[in-house]
Every structure is written in C-alpha cells, then in structure tokens.
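Written out below as structure tokens is the structure these notes cover.
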Amino acid sequence: MFNLSGKTVLITGSAGGLGKEFAQRILQQGAKVCLTDIKTELGQATEKEFVKAFGADRVHFEVCNVTNADDVLKVWQNACQKFEVDHLDVLVNNAGVMGEKEGWKLCLDINLRGVLNGCTLAMEKMSRANGGRGGVIVNVASILGLFNAQQPKGWAYNTSKSAVVTYSRCVGTAETEAQDGIRILTLCPSVTQTPILDGCTQAELAEMKKNVGGFLQADQVGKAFMTLLQTGQTGSVMSVWKDCPPYYIPDTGMGLFILYTTCAMVMRFVPKSVFDPTNGLKFFPHMTFILVAMLVVWILVAKFSMWLLF
Ligand SMILES: NC(=O)C1=CN([C@@H]2O[C@H](COP(=O)(O)OP(=O)(O)OC[C@H]3O[C@@H](n4cnc5c(N)ncnc54)[C@H](O)[C@@H]3O)[C@@H](O)[C@H]2O)C=CC1
Ligand SMILES: CC/C=C\C[C@H](O)/C=C/C=C\C=C\C=C\C(=O)[C@@H](O)C/C=C\CCC(=O)O
C-alpha cells in the first residue's frame, strides 16, 4: 500500500466539494497538501480550517487556474517552496465544471486541457528518467466518461470526461510506470452531492436522482479515492456507484470491437439482398441475432463439457 505519511500532494479545484474531501483524507494520512482553486475566498477558508486541524506546515492554498499551464507550473514551484521540498509526490487533477454556464470551449479547457496541463507537468517533474522521484497522478473523470447518458447540462461535459478516461488509459501504461515510476489513475464517480449540482434545477436533480438510483455523498467518493490512490494499478479506472463498494472498469472497447468486426466479416457471406451491412439500422438486428446465436453455442459447449466431465 502507498504510504502517504510525509508525502507532498497538490490538488486542483480543492477549495470545496470533492477536492476538499480528498485533501482532508490525505491530510489524515500524514501528508502535506497544497490546495488550489480559482475561488480565492473559499480556498482561504478551507486552508484556515485545515491549518487548525493539521498544522500550518502541512497545508497551503494557492490560487490556480488549471487552463493556464504557466499558472500550474507556478503553484507547483510555490508548493515545493512552501513545503521545503524539491518534488511533489501526488497530483490530483480534480478541477471541473458542468459546462452549461461556461460554454463548450471553456468546459473542454477546464475539464480536459486542465488535466493535460497538470499531467504533462507532473510527468516531466516526477519522471525518474528525468531525474525525478516518480509519483502518482489521479485524474477525476465521471461515470459519464465511461458511457454516454444524456444529462441536462450538455454534451461538452461527457465529451471532456470520456477524453480524460481515454487519455489516462493511453499514458497509464506499465512502460510509463517502469520508465518514469509514475502511476496514473482515474476516478469515475456517479452523481455526488457537491456544489457542482448548484447549477441544476430541482426538476433536473430529481430526474438525475431517478436515473442513477440516488446521489452519492462526498465521503463515499473520498473512501473510494483513497483505495484507488493507495492500491490502484497504473492505468486503472475506478467507478463509484451508490450503495456498492468501488470497482474497477476494464477497457472492454477493443473486445466489443473485435466481436462486432467478426460479425461483420461473417455477414459478408450473406447476400446483399438479405441486408445491407453499411446500413446500421438494418445491420443491428442481424448482429444481435449472431451474438445471441454465439451465446447459445457457447452455453451448449459449456453444458456439453460439463456432461463429459461429470
Ligand atoms: N459532483 C458530481 O456529481 C461529480 C463530480 N465529478 C467531478 O469531480 C470534480 C470535482 O467536482 P465537485 O467537487 O463535484 O464540484 P465543485 O464545483 O464543488 O468543485 C469543482 C472545483 O473546481 C474549481 N474550478 C473550476 N474551474 C476551475 C479552473 N479553471 N481552475 C481551477 N479550479 C477550477 C471550482 O472553483 C470548484 O471549487 C470535477 O472534475 C467533476 O466533474 C465527477 C463525477 C460526479
Ligand atoms: C451535469 C452533471 C454533473 C455531474 C454529473 C456526474 O459527473 C455524473 C452524472 C451521471 C449521470 C447523469 C445522468 C442524468 C440523466 C438525466 O437527468 C436525464 O434523464 C436527463 C435527460 C435528458 C436531458 C437532456 C436535455 O435536457 O436536453
């Protein structure tokens, strides 16, 4: 298990909400945390609260806009200076917005570019190949990064979060870990009761609540976050859903792609008069038929081998 005692951590968007929850849990494990956010007053209030609980030498707040790479570099340097270290051990890319108010360009800038700014810098600074000490990066995405569900605030949020999941899987490889000593992890919570939901109407909240079977509380996400941070393998993506323990989501995209491609190859031998494989609507029932047929064959084979065995 990754021991946080004495480690240095930077968390973006941590004046309140989930970022604050993560910071508190990390501080409880004995680390030093640099809180960062664009909300100055709230950030300073959280800093004050944590200084009281954990001591002035372990908590620091810096204003930082994640869309600006220079800003991210500046707070990285200031955090090192404040904690009197030459490195940071953990970066949590948590800052995010829903995007309705901000518009799609700013939403992608904050939710995606912000993560890329943080990761690019952290990988450069932490990389053992560059003389760094290695470290951990946690990117906060969403269940909407794992599948597409219409939500009331527009497509930009889902687009940004799925890009974060894909990016984290791309860079979170065993090779990166072996070469640079960096673990890259992704957290995908379901809807959680935090200030991000303040922008939703009561009707939107009720609809979402119905769709996801109830909202998570920040402490459940906080617990999952700690499990991921302390035990997650690089490239892993953890989902958090109401009333169940956190679980990992493998990248099944390739498996499904191969399955559907195989079906399409088989369908080449079926006369075009029966169906046109370029037409998705017509194609889909045939695919479903093949998948069901494959399942039946698989069950029969499994059953047959059981008969042979017993
Ligand atoms: N609450 C939820 O239902 C879920 C939230 N998430 C993600 O969790 C992360 C944290 O969100 P919450 O705590 O729920 O919301 P929140 O609104 O309480 O926290 C987000 C923080 O990011 C900060 N922020 C916004 N733009 C920024 C920028 N340009 N630079 C730096 N900081 C900036 C905000 O000031 C805010 O403090 C976000 O990435 C969000 O997308 C993921 C799944 C579910
Ligand atoms: C905006 C949400 C902010 C954070 C969300 C979090 O990351 C995860 C949310 C996960 C699922 C939400 C699903 C919600 C579904 C609904 O509310 C839909 O029933 C709404 C249906 C259509 C909205 C489309 C429209 O109004 O144009």
Side-chain angles (χ1 to χ4, degrees), residues 10-24 34-46 61-69 71-72 74-75 92-103 105-115 117-118 138-165 186-222 224-225 237-242 246:
L10 191 148
I11 311 178
T12 69
S14 49
L18 289 176
K20 181 179 175 187
E21 169 74 27
F22 302 154
Q24 179 157 13
C34 180
L35 306 159
T36 72
D37 208 293
I38 46 170
K39 288 181 185 159
T40 311
E41 270 179 38
L42 187 63
Q44 285 169 344
T46 302
F61 170 71
E62 286 268 333
V63 176
C64 171
N65 186 334
V66 293
T67 63
N68 183 336
D71 235 23
V72 183
K74 191 192 77 201
V75 298
V92 184
N93 287 307
N94 166 75
V97 292
M98 287 196 304
E100 184 190 45
K101 185 170 79 217
E102 296 80 5
K105 288 182 186 162
L106 186 52
C107 179
L108 290 176
D109 254 9
I110 296 171
N111 294 7
L112 178 57
R113 188 197 290 256
V115 171
N117 280 341
V138 185
N139 294 326
V140 182
S142 157
I143 53 163
L144 291 175
L146 298 170
F147 61 87
N148 190 44
Q150 295 296 316
Q151 44 82 5
K153 301 303 177 187
W155 54 267
Y157 185 85
N158 303 27
T159 306
S160 67
K161 295 299 185 180
S162 56
V164 168
V165 171
T186 312
L187 188 69
C188 293
S190 174
V191 189
T192 313
Q193 198 68 61
T194 71
I196 206 171
L197 299 180
D198 291 351
C200 296
T201 64
Q202 287 306 315
E204 287 169 346
L205 290 174
E207 179 70 11
M208 272 203 277
K209 204 172 239 177
K210 193 179 79 193
N211 282 313
V212 299
F215 293 165
L216 292 162
Q217 295 301 316
D219 74 316
Q220 194 187 342
V221 183
F225 168 83
V237 176
M238 176 183 271
S239 173
V240 199
W241 189 263
K242 185 144 167 53

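We count ligands from 1, going down the list as the structure has it; atoms in each ligand are counted the same way.
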Task: Any F215 heavy atom less than 4.0 Å to ligand 1 - done: no
Nearest non-hydrogen contact to atom 8 (C) of ligand 2 from the set P152, G154, S142 belongs to S142
Going by the 4.0 angstrom heavy-atom rule, the piece of V66 near ligand 1 is both
Output for pair (T40 OG1, E62 CD), nearest 0.5 Å, gives 11.0 Å
- Query: Is there a protein heavy atom less than 4.0 Å away from atom 27 (O) of ligand 2?
  - Reply: no
Ranked by distance from atom 24 (C) of ligand 2, the top protein heavy atom is Q151 O, 3.9 Å
among protein heavy atoms, the one nearest atom 18 (O) of ligand 1 is P195 CD, 3.4 Å
**OP:** Ignoring angles and geometry beyond distance, decide whether V191 reaches within less than 3.5 Å of ligand 1 through its nitrogen or oxygen atoms.
**Re:** no
Item to complete: Please answer whether the main-chain N or O of Q150 pairs with a side-chain N or O of N158 as donor and acceptor at a distance below 3.5 Å.
Response: no
Tightest non-hydrogen contact, residues V75 and C64, listed as CG1-CB, 3.5 Å
- Check whether any N or O atom of S190, backbone or side chain, sits under 3.5 Å from an N or O atom of ligand 2, and answer yes or no. no
Counting from 1 in the order shown, the ligand 1 atoms closer than 4.0 Å to a non-hydrogen atom of G17 are 13 (O), 18 (O)
Atom 13 (O) of ligand 1 has as its nearest protein heavy atom L18 N, 2.7 Å
dist Q193:CD -> Q220:CD (nearest 0.5 Å) comes out at 13.0 Å
Tested for side chain to side chain contact (heavy atoms under 4.5 Å, CB included) against V92, the lone hit among L18, V140, L187, T36 is V140
Here the gap from K161 atom NZ to N148 atom CG, rounded to the nearest 0.5 Å, amounts to 14.5 Å
Worksheet item: Are the charged groups of K153 and E204 less than 4.0 angstrom apart, N to O?
Response: yes
the protein heavy atom lying closest to atom 15 (O) of ligand 1 turns out to be I196 CB, 3.3 Å
Going by the 4.0 angstrom heavy-atom rule, the piece of I143 near ligand 2 is side chain
heavy-atom search around atom 19 (O) of ligand 2 in the protein gives N211 ND2, 2.5 Å
Residues Y157 and C107: closest non-hydrogen pair is N-SG, 3.9 Å
Here the atoms of ligand 1 under 4.0 Å from any heavy atom belonging to N65 are 28 (C), 29 (N), 30 (N)
**Item:** 4.0 Å heavy-atom contact, I196 with ligand 2
**Value:** no
Looking only at heavy atoms of M98, does any of them come nearer than 4.0 Å to an atom of ligand 1?
no
CD1 of I110 to CD1 of I38, rounded to nearest 0.5 Å, is 6.0 Å
Closest to atom 1 (C) of ligand 2 among protein heavy atoms sits M98 SD, 3.1 Å
Mind checking whether C188 has a heavy atom under 4.0 Å from ligand 1? no
- Message: Given 3.5 Å as the limit, does a donor-acceptor pair link the side chain of T186 with the main chain of V165, or not?
- Response: no
When distances are taken from atom 4 (C) of ligand 2, the protein heavy atom at minimum range is Y157 OH, 3.5 Å
Scanning both residues in full, the closest heavy-atom pair of N94 with G13 reads ND2-O, 3.0 Å
closest protein heavy atom to atom 32 (N) of ligand 1 is A95 CB, 3.4 Å
Interatomic distance, OG1@T46 vs CZ@F61, rounded to 0.5 Å, equals 8.0 Å
Under 4.0 Å from one or more heavy atoms of K161, ligand 1 contributes atoms 38 (C), 39 (O), 40 (C), 41 (O)
- Item | Polar side chain donor-acceptor pair, N65 to D71, under 3.5 angstrom | no
- prompt: Any N/O of T194 closer than 3.5 Å to an N/O of ligand 1?
  reply: yes
Paired with V164, the side chain to side chain contact (heavy atoms under 4.5 Å, CB included) test is passed by just one of N111, L112, N93, namely L112
Output yes when a side-chain donor or acceptor of S14 lies under 3.5 Å from a complementary backbone atom of K20, and no otherwise.
no
for atom 25 (C) of ligand 1, nearest protein heavy atom and its distance come out as V97 CG1, 3.7 Å
If you scan protein heavy atoms around atom 40 (C) of ligand 1, the nearest is Y157 OH, 3.6 Å
**Asked** Backbone N or O of I196 within a donor-acceptor pair of the T194 side chain at under 3.5 Å?
**Response** yes
Closest to atom 7 (C) of ligand 1 (heavy atoms only, candidates S142, G96, A141) is A141
Filtering N139, N94, V140 for the heavy atom nearest atom 39 (O) of ligand 1 leaves N94
Where the side chain of Q151 meets the backbone of G154, is there a donor-acceptor pair that is under 3.5 Å apart?
yes
When distances are taken from atom 21 (C) of ligand 2, the protein heavy atom at minimum range is Q150 O, 4.0 Å
for atom 36 (C) of ligand 1, nearest protein heavy atom and its distance come out as D37 OD2, 3.6 Å
Honestly, for C64 the part within reach of ligand 1 (heavy atoms, under 4.0 Å) is backbone
Scanning both residues in full, the closest heavy-atom pair of V240 with L216 reads O-CD1, 3.6 Å
Nearest non-hydrogen protein atom to atom 43 (C) of ligand 1, with distance, is P189 O, 3.2 Å
Closest to atom 17 (O) of ligand 2 by heavy-atom distance, out of K161, K210, M208, is M208
